Amino acid sequence: MMNYDFQKIEKYWQDYWRKNQTFKASNDSDKPKFYALSMFPYPSGAGLHVGHPLGYIATDIYSRYKRHKGFNVLHPMGYDSFGLPAEQYAIQTGQHPAITTENNINRYREQLDQLGFSFDWSREVRTSNPQYYKWTQWIFIQLFNAWYNKKSDKAENISSLIAIFEKEGNTDVEAACDDDTPSFDTVTWNGYSEKEKQEILLKYRLTYLADTEVNWCPALGTVLANDEIVNGVSERGGHPVVRKKMTQWSMRITAYAQRLLDGLDKIDWPQPLKDSQTNWIGRSVGASVTFNVKMDEMLKQVQHDDVTSSAVEKPYEIEVFTTRPDTIFGVSFMTLAPEHELVAKITTPEQKVEVDAYVEATAKRSERDRMADVKTISGVFTGAYAEHPFTKEPIPIWIGDYVLASYGTGAVMAVPCGDQRDYDFAKHYNIDIPNIFEGVDISEEAFADKETTVIANSDFLNGLPYKKAMKKIIAELERIGHGEGKVNYRLRDAVFSRQRYWGEPFPVYYVDGMPQMIDLEHLPLQLPEVEKYLPTETGEPPLGNATEWAWDRLKAEVVSNDLIDNVNIFPLELNTMPGWAGSSQYFNRYMDPRNDEAIFSPEAINYWQDVDLYIGGSEHATGHLLYSRFWQKFMFDMGYVPKDEFAQKLINQGMITGESAFIYRAETFVVYNDGKGKVKDIPIEEINNDGYLLSYSYIKNSDIHHSSYGTFINNEELEKRFTKELREKFASKVLNEDELVYEEYLSDYENLYVTAIYFYKLHVDVSYLVGVSNELDVDKFKNSKMYSDTSSLKLICDEDGKYIVGREVEKMSKSKYNVVNPDAICEEYGADSLRLYEMFLGPLEQSKPWNTAGITGVHSFLKKLWRLYSPLEGGEGGVEPTADNLKTLHKTIKKVEEDIENFSFNTSVSTFMICVNELTSQKCTSKAILEPLAILVSPYAPHIAEELWSRLGNTASIAEAPFPKFEEKYLVESSKEYPISFNGKMRFKLEMPLDMSKEDIEAAVLAHEKTQAQLEGRTPKKVIVVPGKIVNIVG
RNA sequence: GCCUUGGUGGCGGAACUGGUAGACGCGCUGGAUUCAAAAUCCAGUUCCUUCGGGAGUGAGGGUUCGAUUCCCUCCCAAGGUACCA
């Protein structure tokens, strides 16, 4: 048999699988189903690096394993192909994003193909493909045509809501809807115009238009996310950003807040991910309480102000949300967010100047800024008072930026004795801190523990513990009409509009300003062509550049904008959908991806049901994975899908980090002048205009010392050398004429010492290193762009001419020059080696650094495996297996099966190594052993497994071969090498039969000479014998 | 701050429900083979040691015959989240 020619083998089997459609899944099978899914990638221009395939390999191993176990496996792959980078590239180069995307996808496909995945490519989806986004648009329309009925606790068709309105108005409707929804009866409803009716309905629909405040950057012509803004200006370009109200589509995800929370208990997802979602939804239970503003104060103000008397007929109300209504008798002030709408209305003339100044100052700071600055206490008294709902005492109303307008009602009742922030605020401004806790000292800090005390000084709540007090106070609040029990969520409705080109167009046109949906039969509404991909001069989104972007309702087609008459031809929506639109149902579309009549057939969804195993990165915790659960629940409510959670089990694969390489550039000399006793920093450029000292600007790692002060030199020899050269420089007076700063050194430069040199570290591309070592390939580096960019620099090397770089583990990314590409590794070691190695690196869920050096280990394992099969070529080897052979095999079967079920792929790779090492030393040539072994290996290293399988004489693919059955009988032992420990420490081993009795074991151990030596004459206090496990002697 | 997950040789990492710590691989050292190299094979490799043995899983304490594993306190790292009322 020839050598292990992995390139030939891998190519052959990849072609074989493609031709034979080995991994095509059927939607109709007697076998049980298994749906294994990897998160589909965004096809970026950079291609795959070694970190990307980690999760795919894991999913692939599990899929192949399930096939061996007799399952009908669905294992699809596709592309999340709408997105910003392709659009940005289009803006810069004019190349259509569709072309960029297509090129990138082709590159991805090539890279994926060479890794030997068992994907069913016939089911590939691309979110930017009109045949795909037709169904994204369809779901949008379904959401538009739905409302959330809190009584049935599910989404229903909007027609059921209209029916209720027509019959009884909306007073009895309990729905997730806008806060400003008016109440009306049947007569009023029927009296509304069609447009008014549509406006009301929009307040109930699960996707709706609303004015949303966004971060608008006029210079970039786009909306920015919070993290794209730094210090009030855009991160990119530093342009000013303003808050701007824009009409945007929103998704009423808040309707599902509770069900999204409850659903987490039913699914097997990682705890950290569930916790992120729980925090994100942010449920808090408490009460809303209404405080009236004291009107006698307000009325006085009316004399001075222009407030009309009608405005104060009804007292102003401040609604707060609190999780501790039981502490209401501890309220000593209230705080409003500076943006609160009442601030302007209630501020007294005396306080007006101060309040206005504070409001203005806060407005200048971004919300992010305010939140980051937690320590500073600031606030201003408005001069107004609220009335305590029970005691009727006046409560001063303050404003303070620790209260956020965006959470709750933007106002809090401050209970300084029970909340540390309120406490600090009260202390700072000398406000009363009444104590309402029995026997608790609050002289130093607030007391926030709910469980360990009872309420005092609180009228009817006195003596009650937390839970009882909560119940009682909520009942009382409801009785006097000043509040009610309430559950508050942090979760906000999701903005669904983007001012981008490369996204799904909304299937929406506008009649009289009201949105109308395009009928399903006319979908997809395809993305129009535009001249340029930037926003228009009038600030409209990029689709505003399209000239053919109007909807002809009669012809049901897109026509030129010139034809818009608002009778039959109407303008189309200019925004596009966000990135998560296309990924929120793709897992279901894979079940029936070529269906043009429906998003999927009922047969397909009923057969596949849901995803059994989903593997992907944890960065999608509160984005994709939350939105997908939301849409799935909606689809469930509407009866389209049978499960209300789309993925039963989810695993987050860890990140593979890269080892960045660094070189060090000298930045500053610290010079000490002995004659004058002066210390000075000299920036290297200032003394360097002839390039003289720059010749030493790259220093190797071992001469560098890193500390919290910076990176500086750690080599006395070099300091001396620099000192010498610096003196020479002064001696030869080669300084610039205008650099008189250093003139003072000229007179006594002989007393000059370089005492330290500071360095700036620079990433150097890992491909400039010699092989996989830490040594810089000096020639290669000198020919590189980086080197020529940084001018004529020389490296200070060791005496033997080597330059050792510094290494640090960082996220693998192009900008850090630490990317390792799988192509080169496949070329050199093969896909099977890469697959095995990625798994061998460590636990799937853990992040770990990539180190190419280690791949030789798994590669030589594959060579050993190959050699093990060599004598059996041509189907020979009917040799009876020995007991040892069988023991090794079955030990391996057991371990590998357990490992795969536990997703502990790293340990099964070592199990294979042990197995092959053992069989090799046993000189095993039995087909009865090697055939099942090939099946065990095949999920991990499918190419070599197929090859060996066929060389053993099999004609069919190994993919469907049944997984070997583990048999306990081959592992039964008759004796055990007992560890003999003294006080828990193992000291020696003793072989004894397994059927030996406890007493006999004890006697045998005590009689042993080594035992006596250990005891040194002492009598053991106790002897523990655990048969089959251990002997422990105490004494 | 809070939540979560971790902390084991020079490195990546093993160790089942408490029962022989360091499997497996990398690296390193020595040897064999070779004209030489690659490749391959063999032996060694936690630390200390007076070669008897002793210590050892972030630190300290506890439970136990026995703790990497369970409990408490603390330290460190990574990820998430944050004036959330």
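Small disclaimer: the values here were computed from a predicted structure and weren't measured. Numbered from 1 within each chain, the chains take letters A, B, ... in sequence-line order.
- Rounded to an integer number of Å, the gap from A:Trp398 CH2 to B:rA85 C1' is 18 Å.
- Base pairing of B:rG44 is made with B:rC28, judged by Watson-Crick or G-U wobble geometry with both donor-acceptor distances under 3.5 Å.
- Listed candidates were B:rG19, B:rG12, B:rA14. Nearest to the side chain of A:Ile1024 is B:rG19.
- Put simply, OH on A:Tyr829 is 14 Å from C1' on B:rG25, counting in whole angstrom units.
- Nearest nucleotide to the A:Ser276 side chain, out of B:rA23, B:rC65, B:rG80: B:rG80.
- Here B:rU17 presents its C1' atom at 13 Å from CD of A:Glu898, a figure rounded to the nearest Å.
- Which of B:rG19, B:rA14, B:rC65 sits closest to the side chain of A:Lys1022 comes down to B:rC65.
- The C1' atoms of B:rA39 and B:rC24 are separated by 22 Å, rounded to the nearest whole Å.
- In this structure, the separation between OH on A:Tyr869 and CG on A:Leu919 is 8.5 Å, given to the nearest 0.5 Å.
- Across all strands shown, B:rU69 forms no Watson-Crick or G-U wobble pair with both distances under 3.5 Å.
- Mapping A:Gly854 and A:Ser847 onto RNA chain B via the closest heavy atom, the residue that lands nearer the 5' end is A:Ser847.
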Could you walk me through whether A:Lys998 and A:Glu1002 pass the salt bridge (charged side-chain N to carboxylate O under 4.0 Å, His left out) check? CA-CA 6 Å; A:Lys998 257 180 146 175; A:Glu1002 185 173 335; over 6 Å; no
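- Taking each heavy atom of A:Ile651 and A:Leu844 in turn, the nearest pair found is CG2-CD2, 3.9 Å.
- One finds no side-chain N or O of A:Gln846 lying less than 4.0 angstrom from the OP1 or OP2 phosphate oxygen of B:rU5.
- Contact check on A:Glu918 versus A:Lys891 returns a salt bridge, with a Lys/Arg side-chain nitrogen under 4.0 Å from an Asp/Glu carboxylate oxygen.
- Relative orientation of the A:Phe425 and A:Tyr429 rings is tilted, given thresholds of 30° and 60° on the angle between their planes.
- Residue A:Thr322 places its side chain closer to B:rA85 than to any other of B:rG12, B:rA85, B:rC41.
- Using a 90° window around 0 for the glycosidic torsion, B:rG9 falls inside it and is classed as syn.
- Across B:rC26 and B:rG18, the matching C1' atoms stand 32 Å from one another, rounded to whole Å.
- A straight line from NZ of A:Lys985 to C1' of B:rA55 spans 8 Å, rounded to a whole angstrom.
- Between B:rG27 and A:Asn851, no contact under 4.0 Å exists linking OP1 or OP2 to a side-chain N or O.
- Distances shown here put every side-chain N or O of A:Arg987 at or beyond 4.0 Å from the OP1 or OP2 atom of B:rG52.
- With distances taken from any side-chain atom of A:Arg490 to the nucleotides B:rC41, B:rU20, B:rA82, the minimum falls on B:rA82.
- The distance from atom NZ of A:Lys1021 to atom P of B:rU64 is 14 Å, rounded to the nearest whole Å.
- The side chain of A:Met986 lies closest to B:rA21, out of B:rU40, B:rA21, B:rG80.
- Less than 6.0 angstrom separates the ring centroid of A:Phe988 from the ring centroid of A:His1008.
- Across all strands shown, B:rG9 remains unpaired; no Watson-Crick or G-U wobble contact has both distances below 3.5 Å.
- The phosphate of B:rU40 has OP1 or OP2 within less than 4.0 Å of a side-chain N or O from A:Lys863.
- Distance from the side chain of A:Ile1030 is smallest to B:rG19 among B:rG13, B:rG19, B:rU81.
- Environment of NZ in A:Lys274: crowded, with over 12 heavy atoms of neighbouring residues, nucleotides or ligands closer than 6.0 Å.
- Among B:rU81, B:rC65, B:rA14, the nucleotide with an atom closest to any side-chain atom of A:Asn1032 is B:rC65.
- In this structure, CD1 of A:Ile651 is placed 16 Å from C1' of B:rU5, rounded to the nearest angstrom.
- Between A:Lys989 and B:rU20 there is no side-chain N or O to OP1 or OP2 distance below 4.0 Å.
- Base orientation of B:rG52: syn, since the glycosidic angle falls within 90° of 0.
- Closest to the side chain of A:Val1034, from the set B:rC65, B:rC41, B:rG12, is B:rC65.
- Protein atom NZ of A:Lys895 is 13 Å distant from nucleotide atom P of B:rC24, rounded to whole Å.
- Between A:Thr911 and B:rA23 there is no side-chain N or O to OP1 or OP2 distance below 4.0 Å.
- Proximity of A:Asn906 to the phosphate of B:rA14: a side-chain N or O atom is located under 4.0 Å from OP1 or OP2.
- For A:Ser860, the listed nucleotide lying nearest its side chain is B:rU40; candidates were B:rG27, B:rC3, B:rU40.
- Across the protein-nucleic acid pair, A:Met913 atom CE and B:rG12 atom C1' stand 12 Å apart, rounded to whole Å.
- The distance between the ring centers of A:Trp866 and A:Phe861 does not fall below 6.0 angstrom.
- RNA chain B is contacted by both A:Asp899 and A:Gln271; A:Gln271 maps to the nucleotide lying nearer its 5′ end (nearest heavy atom per residue).
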